[in-house]
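Step one of this worksheet: look at the structure below.
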Amino acid sequence: MGEQNEGFNSTKQILKLNEGEKTKVRGWIYRKRDLADNIFIVVRDSEGIIQTVLPRKNAPQDLVSLAEKSTIESSVVIEGIVKNDERAPGGKELQIENLSIIGLSDDFPIKGGESIDYLLDIRHLWLRSRKLTSIMKIRQSVLEGLREYFKKNNWWEVNPPILTQSAVEGGATLFEVNFFNKKAYLSQSAQFYLEVMIFSLEKVWAITPSFRAEKSRTRRHLYEYYHLEGEAAWMGMKDMMNHVEGLIKSAIKKVLEDRLEDLEIVKRDTNILENSLKTNFPEITYDEAILKLKNKGINIKWGDDIGADEEKVLTEYFDTPFFLTMFPKHLKSFYMKIDDSRPDVVLGFDLEAPEGYGEVVGGSQREDSYEKLYKRIVEEGYNPSDYQWYLDLRKYGTVPHSGYGLGVDRLVTWIAGLDHIRDSIPFPRFRERIYP
RNA sequence: GCCGGGGUAGCUCAGCAGGUAGAGCGCCCGGCUGUUAACCGGGCGGUCGAGGGUUCGAGUCCCUCCCCCGGCGCCA
């Protein structure tokens, strides 16, 4: 049995009805204006808004007093007749014949002009805004586009753990939890678990919350973020870059297909999104990047990290996402495979979003030799016994393979053109904020 | 962790040669009104982030602490 709508039409559907048709709508009061001859009540639902009007003349007194009593954000059910009127938003309105207040709202604290800080304190109410509603829909379409791509290419979705015993890299930025008097941590990455799974499923992916306790005060960091990770056997770095490009394009395409109205509500210029679908994402190696930066007069040399400012300069060369590849070994993690012809370079890649948004994906071919991996772990000062099961994978039928991590929230932030990552997710965990 | 900005009415902010605390929005009352974040008049509303110090007197000067915002580093 499907879901019943009990004779209701959504605000969007009402805009398609003909003059004179009778219908019912339910939602929340978005705006209200109590005038001499009419009471205007603009109703909001998940799809949009519709203006309803109660002409005071000839209306029963109890209906008028109910309309007068209703407040912004009260939930209501309204029955009425569709009228065409140019003065109404969308060109149609509903003439009220009956009104019930389901839940009367107290004075709603958001009136316009509030500070971000205050709005974050009442995020549970702020999420009703049309802008955040549209962003949540865009996020959904991003996820849908990603998922479709995996399905089309026969990847398997798996569910790795979030409570873990060891870090993928480093240890200073982990959230510690008490696991029956043993130290455990909230996962920073599912990469190692996914690497386990490729030995049976070959191509696997997962979306899991990842946690990083780094005190990052930037507009692109969350302490808790949605981490999409992929790992596949038999794939080299280039194969994986092609996959990532297809994956990102699938998400962009889905949003452009399904969410044009919402992109307009969040005022996203769609040109860059459309361009990104038309061309191949360019690749620039670390070596080339350093040259370009030097030519721009920036004081940087081979081996230096490419920071946010440098990244922004590189962004100016491209109007689509682009790959940055082949990094100096010492800048990257121990599990990245070393280039056969250059022992100081690893087969790593980042995908940078244009317009100054920066890194969205980080990936690499993984080191598949037991001896080399063991050596790298020791070199980095880690204890190989902490990585025993991970090292095991290289002892029982090791296979060339590659993988990556994608920041879902960062991708949404770029695609929706947001100025801060906090709005890409309903309840952002950033700075020291944990409420609501 | 570092650099910069800030905490004054429910909300957004002004006030600083130290001298009895202000505006706009919201709310309440009245007026006007097919309104689009409506408009006009009046009213209610403040331990000036916390603690300590200087002073006849501190929102304003000094010290300590807390919180928030923008950015860096780190990363996705």
Side-chain angles (χ1 to χ4, degrees), chain A residues 30-42 49-57 71-72 83 85-91 93 95 106-122 129-130 168-170 172-174 187-191 207-230 244 248 304-312 327 331-333 348-353 356-363 403-414 419-422 424-425 430-433 435:
Chain A
Y30 180 62
R31 292 283 138 77
K32 187 183 148 188
R33 280 171 283 269
D34 197 341
L35 307 184
D37 298 329
N38 297 286
I39 300 172
F40 293 92
I41 294 176
V42 180
I49 55 171
I50 186 82
Q51 172 163 289
T52 68
V53 202
L54 180 65
R56 304 182 102 101
K57 223 181 292 172
T71 49
I72 301 285
K83 297 272 179 196
D85 196 314
E86 284 178 3
R87 294 167 295 188
E93 63 190 17
Q95 202 164 88
D106 283 359
D107 185 34
F108 200 65
I110 301 173
K111 328 262 188 193
E114 290 80 9
S115 67
I116 298 291
D117 186 34
Y118 176 66
L119 288 169
L120 283 166
D121 286 340
I122 49 171
S129 76
R130 297 192 78 197
V168 167
E169 37 196 298
T173 61
L174 290 159
S187 172
Q188 281 188 319
S189 166
Q191 179 190 325
I207 290 185
T208 37
S210 271
F211 303 86
R212 303 216 173 160
E214 306 153 339
K215 290 200 172 185
S216 304
R217 302 184 67 89
T218 81
R219 61 182 65 193
R220 55 184 195 284
H221 282 86
L222 295 167
Y223 293 145
E224 177 187 65
Y225 67 99
Y226 277 74
H227 203 176
L228 184 157
E229 291 170 279
V244 165
I248 299 286
D304 288 348
D305 214 344
I306 293 179
D309 292 344
E310 292 79 28
E311 213 172 85
K312 211 159 273 180
F327 302 96
L331 295 178
K332 294 291 179 179
S333 296
F349 65 91
D350 285 351
L351 185 75
E352 306 279 336
Y357 281 91
E359 190 175 347
V360 168
V361 177
Y404 61 91
L406 179 158
V408 173
D409 321 277
R410 284 186 179 180
L411 182 59
V412 172
T413 300
W414 172 62
D419 51 22
H420 200 295
I421 198 167
R422 65 178 160 233
S424 70
I425 186 167
F430 73 115
R431 302 296 167 88
E432 274 76 54
R433 186 174 282 281
Y435 175 93

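Just so we're on the same page: letters track the sequence lines, and every chain starts at 1. Given the structure is predicted, the values throughout are model-derived calculations rather than measurements.
Between the C1' atom of B/rU35 and the CD atom of A/Gln51 lies a distance of 7 Å, rounded to the nearest Å. Rounded to a whole Å, the CG atom of A/Leu35 is 10 Å from the C1' atom of B/rU36. When the P atom of B/rG34 is taken as reference, atom CD of A/Glu86 falls 18 Å away, rounded to whole Å. Look at CG on A/Asp107: it is 6 Å from C1' on B/rC27, rounded to the nearest Å. When the P atom of B/rC25 is taken as reference, atom OH of A/Tyr118 falls 18 Å away, rounded to whole Å. Between A/Asp309 atom CG and B/rG70 atom P the separation is 17 Å, expressed in whole Å. Put simply, CG on A/Leu174 is 13 Å from P on B/rA76, counting in whole angstrom units. Atom CG of A/Asn38 and atom P of B/rU33 are 13 Å apart (whole Å).
For B/rU12, the OP1/OP2 oxygens have a side-chain nitrogen or oxygen of A/Ser115 closer than 4.0 Å. The shortest distance between the side-chain N/O atoms of A/Arg31 and the OP1/OP2 oxygens of B/rG34 is not below 4.0 Å.
Of the possible donor and acceptor atoms, none in the side chain of A/Thr71 sits under 3.5 Å from a partner among the backbone N and O of A/Asp107. Side chain of A/Gln51 to main chain of A/Ala88: no donor-acceptor pair is present (N/O by atom type, distance under 3.5 Å, no hydrogens or angles). The backbone N or O of A/Glu359 sits less than 3.5 Å from a side-chain atom of A/Glu352, completing a donor-acceptor pair. Remark: the backbone N or O of A/Thr218 is not paired with any side-chain donor or acceptor of A/Ser216 at under 3.5 angstrom.
In this structure, A/Phe430 and A/Thr218 both approach RNA chain B, and ranking their closest nucleotides by distance from the 5' end singles out A/Phe430. Summary of the strand contacts: A/Glu310 and A/Gly407 both lie near RNA chain B, and taking for each the nucleotide with the nearest heavy atom, the more 5' one is attributed to A/Glu310.
Side-chain proximity of A/Ala88 to the nucleotides B/rG34, B/rC75, B/rG70 is greatest for B/rG34. Of all nucleotides listed (B/rC69, B/rA76, B/rC27), B/rC69 comes nearest to the side chain of A/Arg217. You'll find that the side chain of A/Leu120 is closest to B/rC69, out of B/rA76, B/rC69, B/rG26. Nearest to the side chain of A/Ala36, among B/rG34, B/rC27, B/rG1, sits B/rG34. With B/rA76, B/rG34, B/rC72 as the candidates, the nucleotide lying closest to the side chain of A/Arg410 is B/rA76.
The base-pairing partner of B/rA38, taking Watson-Crick or G-U wobble contacts with both distances under 3.5 Å, does not exist among the strands shown. Across all strands shown, B/rU64 is found opposite B/rA50 as a Watson-Crick or G-U wobble partner, with both distances under 3.5 Å. Base pairing of B/rC56 is made with B/rG19, judged by Watson-Crick or G-U wobble geometry with both donor-acceptor distances under 3.5 Å. With a cut-off of 3.5 Å on both Watson-Crick or G-U wobble distances, the partner of B/rG24 is given as B/rC11.
The side-chain ring of A/Phe40 is not stacked on the base of B/rG34, judged by centre separation under 5.5 angstrom and plane angle under 30 degrees.
Side-chain N/O atoms of A/Glu114 and base N/O atoms of B/rG10 include no donor-acceptor pair closer than 3.5 Å. The base of B/rC75 has none of its N or O atoms less than 3.5 Å from a complementary donor or acceptor on the side chain of A/Ser216.
With a 4.5 Å cut-off on side-chain heavy atoms, A/Phe327 and A/Asp350 count as touching. Using a 4.5 Å heavy-atom threshold, the side chains of A/Arg422 and A/Ile116 count as touching.
Nucleotides B/rU8 and B/rC13 have their C1' atoms positioned 9 Å apart, rounded to a whole Å. B/rG49 and B/rG7: their P atoms are spaced 8 Å apart (whole Å).
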